[in-house]
Amino acid sequence: MTLGWAVISTGRHAENKIAPAIHAAPHAELVAVCSRDQQRADAFAERHGALAAYDSIESVLQDSRVDAVFIVSPNALHASQTIQAARAGKHVLTEKPMATSVEDAIAMIQVCRQHGVMLGVGFHLRTHPAHLEILRVLQQQALGTIALLNGQWGFGARGQVMPPPRPPLQQWWEEPELIGGASTMMGTGVHVVDLYRFLLGQEIVELTALADGQTPNQPLEQLLTMSLRFEDGPLATICCGRRLPDSLNDLVIYGSDGRVASRGTLWEAREGSLEIVSETVNTTADYPHAFLANYIDELEDFYYAVTEKREPAATGLDGLRAVEVTLAMITAAREKHTVKIERHTP
Ligand SMILES: NC(=O)c1ccc[n+]([C@@H]2O[C@H](COP(=O)([O-])OP(=O)(O)OC[C@H]3O[C@@H](n4cnc5c(N)ncnc54)[C@H](OP(=O)(O)O)[C@@H]3O)[C@@H](O)[C@H]2O)c1
């Protein structure tokens, strides 16, 4: 058995990662693609071997071969598309950020629940074996009491102080309404937020942030640092940006009995290495570059979540928590003070 997928939007993530990963995943079939433009949908379907191409989500949702939609559209559209799909009885795996407001995220969770469909969020870092090994080691308490997490996910191009303007189909990344009021936080920061929550099994209670944006002249930041406090005491930093061409995208966690260094694993492709140094566990591992592996595992996890009627790796609630943290980051950077995170029950 396979899940019949429809990909919603034909941007870079759909083109380079999601459609190829659906092809490569054992339990996934690319049934349909949706674009605002029929020609773009047709061309995408031809390139990726989709069975159907549509220029509206309504048409996609009428296709009985579609079991699930993978929403890869601009951030502010994730909520309405999720709700439409759920009402049509389709399962939803939506890209991060799940939504651009708490109200939208809650509505997505509620409507999916009411219609008995699965809702997952594309936090693919949860599938990297380095992160799964860290989770195992932390659950064994091999690092003792966790004190500090440092994580960075950045990128850029040498010689560019600021990223150049984007081509027309990517302009939505520059529109505060469509992207959700933050830029590099939406691109990579939310992944690190989610990974910290996943590894610690704790919520973030407060944060502060400094950014090169969140001002009237430059509403969207391209460089961001955050300091966060978790409920049981650990502190954490997250740095992200599009101005960091030689970024070391590492995660380091320090505890009272040791540390883990997960080097180069904060990325889209599966790659990097892991070093654990502690009283009881001392290991290293290397992860050869596997471009699609994290996304293939994400799709397979979602398939098993649907067929086994269990939660996916990242749930709607995980998506909501990342939205809450993102909105707190925007307030902290704009108003220049520490912000307590308000948690909501969907
Ligand atoms: N988890 C990950 O690793 C990862 C990586 C990259 C991106 N993402 C997420 O995936 C989503 C898409 O990112 P992307 O990099 O693929 O974006 P993108 O390349 O900029 O393309 C997005 C697509 O959305 C459609 N679109 C563009 N402007 C629009 C507008 N104003 N209104 C409605 N539709 C519009 C276009 O497709 P059509 O006109 O054909 O519909 C466009 O090709 C985002 O939510 C992003 O955060 C996740």
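As the structure lists them, so they are numbered: ligands from 1, and atoms in each ligand from 1. Numbering starts at 1 and runs along the sequence shown. Small disclaimer: the values here were computed from a predicted structure and weren't measured.
- Ring pair Y196/H191: centre-to-centre distance not below 6.0 Å.
- For D37, no heavy-atom contact with ligand 1 is shorter than 4.0 Å.
- Each of the atoms 45 (O) of ligand 1 lies under 4.0 Å from some heavy atom of H78.
- Considering each of V33, L169, L125, N75, the one bringing a non-hydrogen atom nearest atom 27 (C) of ligand 1 is L169.
- Residue W173 touches ligand 1 through its side chain alone, judged by heavy-atom distances below 4.0 Å.
- For atom 21 (O) of ligand 1, the nearest non-hydrogen atom of the protein is G11 CA, 3.2 Å.
- For W267 and Y287, the ring centers are positioned 6.0 Å apart or more.
- A distance of 8.5 Å separates OG1 in T188 from CG in L224, rounded to the nearest 0.5 Å.
- Near E268, the atoms of ligand 1 lying under 4.0 angstrom from a non-hydrogen atom of the residue are 3 (O), 5 (C), 6 (C).
- Remark: the T208 side chain and the H337 side chain contain no N/O donor-acceptor pair separated by less than 3.5 Å.
- Considering I83, V117, T94 as possible partners of C112, the one that fulfils the side-chain contact (heavy atoms from CB on, under 4.5 Å) test is V117.
- Of all heavy-atom pairs between R263 and D250, the closest is CA-OD1, 3.2 Å.
- Residues R321 and D318 are not paired through a salt bridge, judged by the lack of any N-O separation under 4.0 Å between the basic side chain and the carboxylate.
- By the 3.5 Å distance cut-off applied to N or O atoms, K17 is not counted among the residues near ligand 1.
- Taking the charged nitrogens against the carboxylate oxygens, R197 and E231 have no contact shorter than 4.0 Å, which rules out a salt bridge.
- Residue S9 has at least one nitrogen or oxygen atom sitting less than 3.5 Å from a nitrogen or oxygen atom of ligand 1, judged on distance alone.
- Residue, atom and distance of the protein heavy atom nearest to atom 15 (O) of ligand 1 are R12 NH2, 3.1 Å.
- Using a 4.0 Å cut-off to heavy atoms of G122, the atoms of ligand 1 that qualify are 1 (N).
- A side-chain donor from one of N249 and S247 sits under 3.5 Å from a side-chain acceptor of the other.
- A salt bridge is absent between R47 and D42; no separation between the charged side-chain nitrogens and carboxylate oxygens falls under 4.0 Å.
- Scanning E95, Q170, Q81, H124 for the heavy atom closest to atom 48 (C) of ligand 1 points to E95.
- Near Y295, meaning under 4.0 Å from one of its heavy atoms, ligand 1 places the atoms 2 (C), 3 (O).
- Under a 4.0 Å criterion applied to the non-hydrogen atoms of L178, ligand 1 contributes the atoms 31 (N).
- For atom 22 (C) of ligand 1, the nearest non-hydrogen atom of the protein is W172 NE1, 3.6 Å.
- Contacts between R166 and ligand 1 below 4.0 angstrom, taking non-hydrogen atoms only, are absent altogether.
- Of all atoms in ligand 1, numbered sequentially from 1 with element shown, those under 4.0 Å from a heavy atom of V72 are 10 (O), 11 (C), 12 (C).
- Ligand-side atoms of ligand 1 in range of L77: 33 (C), 34 (N), range being under 4.0 angstrom from any heavy atom.
- Each of the following atoms of ligand 1 lies closer than 4.0 Å to a heavy atom of S73: 11 (C), 12 (C), 44 (C), 45 (O).
- Ranking the protein heavy atoms by distance from atom 24 (O) of ligand 1 puts P74 CD, 3.3 Å first.
- Considering each of R36, Q171, H13, the one bringing a non-hydrogen atom nearest atom 2 (C) of ligand 1 is H13.
- The parts of S35 lying near ligand 1 are both backbone and side chain, judged by heavy-atom distances below 4.0 Å.
- In this structure Q39 satisfies the side-chain contact (heavy atoms from CB on, under 4.5 Å) test together with D37, sequence neighbours excluded.
- T100 approaches L327 most closely through the heavy-atom pair O-CD2, 4.0 Å.
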